[in-house]
There are 2 protein chains.
Amino acid sequence: MQQGYLGSGLKHISQISQAPIGSLYHFFPGGKTELAAETLKASGGAYQELVEAVFDAAPDIVSGTRDCFQAAAETLRRSDYADACPIATVALEVASSDETLREVTAEIFESWTESATSRFTAGGVEPARARELATVFLATLEGGFLLSRAAKDATTMELLGHSMVELVETAVRR
Amino acid sequence: MQQGYLGSGLKHISQISQAPIGSLYHFFPGGKTELAAETLKASGGAYQELVEAVFDAAPDIVSGTRDCFQAAAETLRRSDYADACPIATVALEVASSDETLREVTAEIFESWTESATSRFTAGGVEPARARELATVFLATLEGGFLLSRAAKDATTMELLGHSMVELVETAVRR
DNA sequence: TTGCCACTAGAATGATCGTTCTAGCCGGTG
DNA sequence: CACCGGCTAGAACGATCATTCTAGTGGCAA
């Protein structure tokens, strides 16, 4: 799915997943669209759990924020800038062409935002401000994936991490 | 190009551009890759000029920043969330599959970042900080395009604009 | 006028796409 | 044993992809 929706051929998927095409259509009668929707939901949920695990392991939300961006930067480097956000590429591809999948991506981003909002709230940020901060957090992370992948340079992600950490710090202190 | 690289068929391009396929290959012997590269450069340059025009019309970089995000939000609404960043979709699509086009997208983002950096420097931000601020500016804008398009909700872009404006304000004041 | 070259025009080609279809395997139940 | 449904397996199909090729047009230069 890292190759995007249109870049992922069903034949190729059946090969790497060791599943014949007939099985794909047996489990996903809706065809490629349904398969993509389920894949998006699954990887969206997995990524959310990953981020929550990072925050769980951190002593506070400032450290958690720093660790998230640092982990993202290291993952990019380790995978030669292939392993990034599993949703963004598809989200942009389908935003104006497939309403079903667009809604799926919107729900995932909303779920992520809510998750981050409750994290920040629990960390001492006032509720109204926490939602804003969560949105900025997500947008910055996504922008970082885009710019880092294009330039094959993870220092961009680290730089954005520093900026985001400062924002969280000020939000906690006031 | 708003449909992405893989989503844009050459046959469809020849129809809407009123140019036969033979002409496309006459002017772009490199085929679809070369055509995409030139289109990316052209629209990347046009978008940069658009942003610079917004900053030119604004009294200072704080207002310019606010106007940029506001204009982006309005453009999204007016186009039913189709008219956004002309580079991002393709950049994510080709980042791990087409090195030639990846480099083109990287150069465009670099050019945008340099443009914003000199803007912020001219506006009173110290040079080292200006580059950081420009990167955050671009990442936030790109993240905003992604989230706003997925949710079909431009208030996300406006919210990010407010956050970015605050960041520019503090950068100017210190 | 004649010749040439840039360019137009779209049919032909082979590969690949998503989807459907046919056939058969395999394990549990009657 | 016979049977049946869940699942496997991939060939077949029509559409569409990027690319190449063949013809022909139109204007400029000699």
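Keep in mind it's a predicted model, so treat the numbers as computed, not measured. Basis for what follows: all heavy atoms, side chains included, without hydrogens, waters or symmetry-related copies. Every chain is numbered from 1 and lettered A, B, ... according to where its sequence line falls, protein lines coming before strand lines.
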Using atom [atom1] of [X] as one end and atom [atom2] of [N] as the other, report the distance to the nearest whole Å.
{"X": "B/I13", "N": "C/dG10", "atom1": "CD1", "atom2": "P", "answer": "17 Å"}
{"X": "A/L24", "N": "D/dT8", "atom1": "CG", "atom2": "P", "answer": "10 Å"}
{"X": "A/Q15", "N": "C/dC17", "atom1": "CD", "atom2": "C1'", "answer": "14 Å"}
{"X": "B/L6", "N": "C/dG18", "atom1": "CG", "atom2": "P", "answer": "11 Å"}
{"X": "A/F28", "N": "D/dC7", "atom1": "CZ", "atom2": "P", "answer": "12 Å"}
{"X": "A/Q3", "N": "C/dC17", "atom1": "CD", "atom2": "P", "answer": "12 Å"}
{"X": "B/E34", "N": "D/dT20", "atom1": "CD", "atom2": "P", "answer": "12 Å"}
{"X": "B/K32", "N": "D/dT19", "atom1": "NZ", "atom2": "C1'", "answer": "12 Å"}

In terms of side-chain heavy atoms of [X], which of [options] is nearest?
{"X": "B/L10", "options": "C/dG18, D/dT19, C/dA6", "value": "D/dT19"}
{"X": "A/F27", "options": "D/dT20, D/dC7, C/dC7", "value": "D/dC7"}
{"X": "B/P20", "options": "D/dA18, C/dA9, D/dG6", "value": "C/dA9"}
{"X": "A/Y25", "options": "C/dG18, C/dC7, D/dT19", "value": "C/dG18"}

Once you round to the nearest 0.5 Å, how far does [atom1] of [X] lie from [atom2] of [Y]?
{"X": "B/D56", "Y": "B/D67", "atom1": "CG", "atom2": "CG", "answer": "12.0 Å"}
{"X": "B/Q15", "Y": "B/I21", "atom1": "CD", "atom2": "CD1", "answer": "8.5 Å"}
{"X": "B/L24", "Y": "B/S14", "atom1": "CG", "atom2": "OG", "answer": "6.5 Å"}

Which part of the nucleic acid does B/G31 contact within heavy-atom distance under 4.0 Å: base, sugar-phosphate only, or nothing?
-> sugar-phosphate
Does OP1 or OP2 of C/dT8 have a side-chain N or O of B/S23 closer than 4.0 Å?
-> yes
What is the ring orientation for A/Y47 with A/W112, classed by angle as parallel under 30°, tilted 30 to 60°, or perpendicular over 60°?
-> tilted
Can A/R149 and B/S96 be counted as having a side-chain donor-acceptor contact under 3.5 angstrom?
-> yes
Report the residue (B/I21 or A/K11) whose heavy-atom-nearest nucleotide on DNA chain C is the more 5′ of the two.
-> B/I21
